[in-house]
Amino acid sequence: MDKTYQPQAIEKSWYQTWEKNGFFKPSGVGESYCIMIPPPNVTGSLHMGHGFQESIMDALIRYHRMKGRNTLWQVGTDHAGIATQMVVERQLDAQGISRHDLGREKFIEKVWEWKAESGGTITQQLRRLGASPDWSRERFTMDDGFYKAVQEVFIRLYEEKLIYRGKRLVNWDPKLHTAVSDLEVISEEEDGHLWHFRYPLTDGSGHLVVATTRPETMLGDTAVAVHPEDERYRQLIGKTITLPLVGREIPIIADDYVDREFGTGCVKITPAHDFNDYEMGQRHSLPMINIFDNDARTNANVPEKYRSMDRFDARTLVVEDLQALGLLEKIDDHKLKVPRGDRTGVVIEPYLTDQWYVKTQPLAEEAIRAVEDGDIQFVPKQYENMYFSWMRDIQDWCISRQLWWGHRIPAWYDRQGNVYVGRSEAEVRQKHNLPDDLSLQQDDDVLDTWFSSGLWTFGTLGWPEQTDLLKTFHSTDVLVTGFDIIFFWVARMIMLTLHFRKEVPFHTVYVHGLVRDSHGQKMSKSKGNVIDPIDLIDGIELEDLVAKRTAGMMVPRMREKIEKQTRKEFPNGLAAYGTDALRYTYYSLASTGRDIKFDVGRIEGFRNFCNKIWNASRYVLMNCEVQDEQGNRLSAHDCDQDNSGGYELSVADRWIISRLQQVEKAFAEGVESYRFDLASQALYDFIWNEYCSWYLELSKPVLTSADFSAAQKKGTRRTLIRVLEATLRLAHPLMPFITEEIWQRIKDLAGVSTADGQGETIMTARLPECEPGKIDQQAMADVKWLQGVIEGVRNIRGEMNISPAKSIPLFFANGSANDRRCLDDNRLFLTRLASLESITWLNPGDTAPMSATALVGDMEILVPMAGLIDVAAETARLNKEIDKLKKESARVQGKLGNAKFVDNAPAEVVQKEKDKLADMQAALGKLEEQAIKLATL
RNA sequence: AGGACUAUAGCUCAGUUGGUUAGAGCGCUACCUUGACAUGGUAGAGGUCCCCAGUUCGAAUCUGGGUAGUCCUACCA
């Protein structure tokens with residue numbers, strides 16, 4: 001084995017081996033376990049959020065696979081209507097072609113071409129993470145099979161009157177020329193103005209002042225509203241205004257929606273271009289005058305002078321003209337929320353169009369109940385509130401999009417505008433007895449991408465066919481997702497699946513946090529703080545990283561800022577940490593919080609952890625094999641690989657086996673409660689601070705000393721290799737590559753059976769589980785004693801600056817029979833680990849040399865000072881210890897002196913405090929006595 | 001405006017049903033190339049558990065009220 005861990009040397013080849021051998025497929029035996037991947041956008045590439053999410057899913061999948069479950073991780077990508085269409089349009093744009101030049105069919109061909117060439121980026125990157133989904137079942141939401149499911153759902157919902165078509169105000173993206181859902185609109189506060197206009201009364205008796213943030217919409221005003229009880233305007237209700245610039249006579253109406261306090265208390269009403277005005281328009285049967293076209297340019301419904309203008313140019317002109325007429329009262333600065341499309345960034349226009357809707361109310365009721373009844377559980381639980389609050393106030397869902405790329409709506413129209421819904425034109429004709437010469441035209445629109453991804457859990461398994469897969473794996477076990485798409489996706493999946501399958505899509509929704517940079521900032525291209533997970537795996541030079549982060553940055557000032565910040569934060573670029581280290585970092589951060597700050601400092605620690613495992617394994621192999629100088633195996637020592645027995649286990653062996661059982665339990669608890677931070681922490685502690693720091697050191701005396709028998713050596717070799725082997729299996733779900741690599745090298749020595757294809761890969765080996773019978777309390781107590789003595793000696797050494805190379809004599813005083821037994825049992829371990837020159841047991845009455853002292857329970861351990869220790873230094877060390885004990889014992893004494901505590905607290909708590917005090921006072925006495933002795937020197 | 005979440009060591013975070021001498025990793029200090037590992041070892045320093053009040057014998061933990069931050073939902077033209 002190499003002296004250091006080299007991830008790049010092992011990762012790719014193991015992955016290929018696993019995939020080639022079909023290890024990712026369901027085994028076909030055992031209880032099913034299934035996770036559906038949230039299908040990543042086909043245009044996407046892997047970011048830190050994906051990395052985190054996929055790592056968690058893979059850990060769950062590998063864990064349950066190793067527990068013997070029939071495990072399916074369903075993988076696939078989403079066709080992402082808007083995003084994909086934009087990518088391909090941009091490419092065409094570069095050649096000076098628009099999609100309209102090509103026409104719909106040719107354009108869709110181009111999209112498929114693009115998908116074939118570039119659509120696999122993210123799935124290749126997923127492989128680099130070590131993800132183990134069943135690639136043979138990979139699906140795409142635009143597959144024919146999936147389309148069948150989408151069509152079926154649309155038709156059935158239509159027939160059940162849960163889908164309808166209507167003319168409504170929608171969020172219109174004038175750049176994309178499509179409706180978008182509320183969720184795709186981001187409203188953020190921006191600086192704007194509040195314009196105050198005078199609207200003259202038709203009867204010439206004066207004017208009203210209205211305030212608006214969007215002056216251009218006045219061209220579509222059909223009323224002015226005031227509050228019914230507003231004394232200032234009461235007498236005007238029912239009168240009319242002559243709309244300036246337009247000349248239209250519009251009524252002054254009363255509606256208690258109007259806030260008397262805001263602005264002037266008069267509101268201009270534009271029902272066709274504002275959601276609130278729309279509702280008011282309906283209440284008062286106002287005309288709706290649409291003043292824009294699809295580009296949000298003014299149309300023929302406005303006076304000649306203002307036609308065919310961009311909405312913002314129209315705004316300027318309207319304001320100018322009103323001012324010229326003396327109707328502009330004032331302009332105030334005003335902060336307002338501006339709705340922008342999350343893809344395009346352009347201002348979204350409320351716009352009247354014909355769209356298809358899903359009536360969500362009835363679906364939502366079922367979906368709420370499923371969570372209320374606990375059929376679906378959110379982890380952490382508080383996300384259920386978020387889910388309920390949205391569900392209980394749900395709006396009908398606009399599912400049509402004016403795009404070309406997507407599932408085309410299965411509806412046909414005749415010349416009269418009658419609608420026929422069906423699987424095909426032929427089916428529609430047959431069903432409705434339509435004559436052949438009646439011309440029919442299919443709806444041009446496609447469905448919202450989330451409509452199809454809402455069917456993901458059952459659509460991928462073959463529905464509407466009743467497949468075996470569906471029977472076996474649906475409902476799935478857990479959905480792993482970010483809280484940002486609970487509404488977009490999770491809620492819709494629950495609604496649609498309950499309706500069509502009469503069962504939940506998944507039993508648990510594990511909601512994880514969102515990955516941010518080390519300062520808690522969202523990672524985004526525009527901020528230039530993105531870290532590519534692949535760069536953490538492979539490493540990247542500083543110059544390449546800078547180039548990558550500033551690519552496409554148009555504003556030079558931003559470019560400079562990002563470059564500077566990148567050079568400062570990563571002066572040496574990023575090292576190649578490897579997949580396992582990256583994954584472990586993710587797990588360690590996966591607690592219940594909502595934000596996950598990713599600090600590159602942490603991944604380095606886990607790379608070191610991998611190296612630790614690597615080198616511990618190297619040590620184990622060196623001791624279980626006879627090796628040549630290159631470390632190749634010449635022959636094997638007897639490690640009981642043939643299960644012949646005849647070995648003896650030391651205290652250390654029994655201790656590490658006990659601790660292994662306990663960590664297996666802690667790990668399982670962590671994983672099963674989705675606390676990967678706790679699971680990974682337990683494993684890390686065990687491997688580094690127990691197996692490596694103590695057990696390997698304790699094995700050295702046994703293996704290198706002639707004082708131990710062959711049976712004892714065999715016992716220790718057996719334990720070394722078998723505990724390592726079990727630990728690798730335990731760690732495999734978190735760090736798949738390094739565990740497989742090492743496991744393959746040690747499995748035969750650990751006696752892993754190779755019968756029945758077992759032992760082919762660690763992936764399908766059994767996860768080790770806690771066997772309480774193997775926990776040996778005596779061994780645990782004895783090792784604790786041993787550690788106490790060794791740490792006492794090391795403390796003296798460390799603080800007294802005694803070279804570790806120097807062997808020192810050690811005396812034991814005031815020891816009990818148990819101390820004596822422990823010493824006798826562990827003399828060799830002690831001598832070696834504390835590098836002792838001699839050990840002397842003092843009986844009562846024996847005189848001890850002048851020494852530095854440490855306490856292990858009631859027993860004192862003494863390191864003679866002669867020639868080693870400075871009196872002043874030892875006095876200082878003792879005093880520090882004495883101070884600490886004094887403070888603490890005073891505190892406990894106070895507590896015990898409090899009658900209320902003694903009377904009210906449970907007896908065992910009081911007793912515990914009493915014992916604590918007694919121990920501390922005994923220790924204090926000894927240390928003080930020692931201090932006095934030193935002082936008299 | 002309503003709601004949620006967060007606040008613990010210089011930094012990133014754990015802390016289970018109230019009883020711990022409040023922990024880990026990174027960073028820091030000193031010493032150490034000892035035979036698995038310097039991507040290492042040993043020892044050490046470092047905390048008013050955001051603030052105030054309350055419940056309790058006892059609060060990092062429970063309750064109320066603040067403060068700060070993050071986010072969601074709904075918004076006033």
Side-chain angles (χ1 to χ4, degrees), chain A residues 1 3-5 187 194-195 210-214 217 225 257-259 261-270 274 276-277 334 336-337 380 382-383 385-386 389-390 393 483-484 486-487 514 516 518 520 522 575 577 581 588-589 591-602 604-623 669 673 675 677-678 681 684-685 689 692-693 696-697 700 704 791 794-805 835 884-885 887-889 891-892 895 898-906 908-910 912-913 916 920:
Chain A
M1 284 174 87
K3 199 173 165 184
T4 51
Y5 167 58
S187 289
L194 196 56
W195 284 268
V210 297
T212 180
T213 54
R214 299 196 54 199
T217 60
Y257 157 80
V258 177
D259 179 353
E261 309 300 317
F262 189 87
T264 58
C266 301
V267 191
K268 60 188 271 310
I269 304 298
T270 322
D274 180 282
N276 290 311
D277 293 5
H334 182 64
L336 74 163
K337 294 239 174 155
Q382 71 250 24
Y383 288 105
N385 292 330
M386 193 166 159
S389 70
W390 191 70
D393 187 31
F483 60 83
D484 51 332
I486 288 182
F487 308 141
L514 299 187
R516 298 168 175 280
S518 59
K522 212 168 184 169
Y577 297 110
S588 73
L589 295 170
S591 62
T592 55
R594 209 184 40 190
D595 292 330
I596 292 154
K597 290 187 204 169
F598 193 94
D599 188 342
V600 173
R602 291 207 62 168
E604 189 175 338
F606 293 116
R607 190 266 319 260
N608 297 351
F609 178 53
C610 290
N611 189 58
K612 193 77 181 173
I613 296 173
W614 185 263
N615 274 290
S617 306
R618 215 157 68 88
Y619 167 82
V620 172
L621 277 179
M622 283 167 69
N623 284 285
E669 284 168 356
S673 59
R675 288 298 303 270
D677 59 329
L678 300 181
Q681 178 73 39
Y684 181 98
D685 264 349
N689 298 327
C692 293
S693 294
L696 293 193
E697 295 306 320
K700 287 173 186 176
T704 57
E791 277 164 355
R794 282 179 182 170
N795 178 273
I796 292 170
R797 261 184 198 284
E799 299 228 353
M800 297 300 116
N801 265 325
I802 300 171
S803 156
S835 52
K884 213 169 107 186
L885 278 171
K887 241 193 249 164
E888 185 55 23
S889 63
R891 197 183 65 87
V892 176
K895 213 170 175 183
N898 180 349
K900 285 183 184 168
F901 170 71
V902 180
D903 294 346
N904 290 313
E908 73 252 31
V909 173
V910 176
K912 207 172 137 192
E913 293 296 313
K916 208 197 299 181
M920 282 191 295

Nearest-nucleotide wise, let me know which of A:Arg594 and A:Arg214 is further upstream toward the 5' end of RNA chain B.
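Per heavy-atom nearest nucleotide, the more 5' residue is A:Arg594.
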Expressed in whole Å, how much space separates the [atom1] atoms belonging to [N] and [M]?
| N | M | atom1 | result |
| --- | --- | --- | --- |
| B:C62 | B:U16 | P | 9 Å |
| B:C49 | B:G23 | C1' | 12 Å |
| B:C13 | B:U8 | C1' | 9 Å |
| B:U63 | B:A22 | P | 24 Å |
| B:C52 | B:A59 | P | 14 Å |
| B:A30 | B:G65 | P | 50 Å |
| B:A9 | B:G64 | P | 25 Å |
| B:G10 | B:C50 | P | 13 Å |

Checking A:Lys612 against A:Tyr684: charged group under 6.0 Å from the ring centre and within 45 degrees of the axis?
-> no
Does any nucleotide pair with [N] by Watson-Crick or G-U wobble geometry, both distances under 3.5 Å, and what is it?
| N | answer |
| --- | --- |
| B:A38 | none |
| B:U61 | none |
| B:G69 | B:C5 |
| B:G27 | none |

Shorter than 3.5 Å, N or O on both sides, protein versus nucleotides 54-59 of chain B: list them out with atom names.
residue : atom : partner  : partner atom : Å
B:C57   : O4'  : A:Lys900 : O            : 3.3
B:C57   : O4'  : A:Asn904 : ND2          : 3.3
B:C57   : O2'  : A:Asn898 : ND2          : 3.4

Practice item. Would you indicate what A:Thr213 reaches in the nucleic acid, counting non-hydrogen atoms under 4.0 angstrom: base, sugar-phosphate, or nothing? Key: sugar-phosphate
Carboxylate-amine/guanidinium contact A:Arg794 A:Glu791, below 4.0 Å: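 A:Glu791 and A:Arg794: not salt-bridged.
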For A:Met1 and A:Ser617, the nearest pair of non-hydrogen atoms, with its separation, is CE-CB, 4.1 Å
Expected string for nucleotides 34-49 of chain B under the B/S/- scheme (protein heavy atoms, under 4.0 Å, primed atoms plus P, OP1, OP2 as sugar-phosphate) is -BBBSBSSSSSS----
Tabulated below should be each protein N or O lying under 3.5 Å from an N or O of nucleotides 13-16 of chain B; please produce it.
residue : atom : partner  : partner atom : Å
B:A14   : OP1  : A:Ser591 : OG           : 2.3
B:A14   : O3'  : A:Arg675 : NH2          : 3.2
B:G15   : OP1  : A:Arg675 : NH1          : 3.0
B:G15   : OP1  : A:Arg675 : NH2          : 3.2

The side-chain hydrogen bond (donor to acceptor under 3.5 Å, both in side chains) partners of A:Asn795 (sequence neighbours excluded) come to A:Arg877
Applying side-chain contact (heavy atoms from CB on, under 4.5 Å) to A:Ser591 and not counting sequence neighbours gives A:Arg675, A:Asp677
For A:Ala575, the side-chain contact (heavy atoms from CB on, under 4.5 Å) test, sequence neighbours excluded, returns A:Tyr577
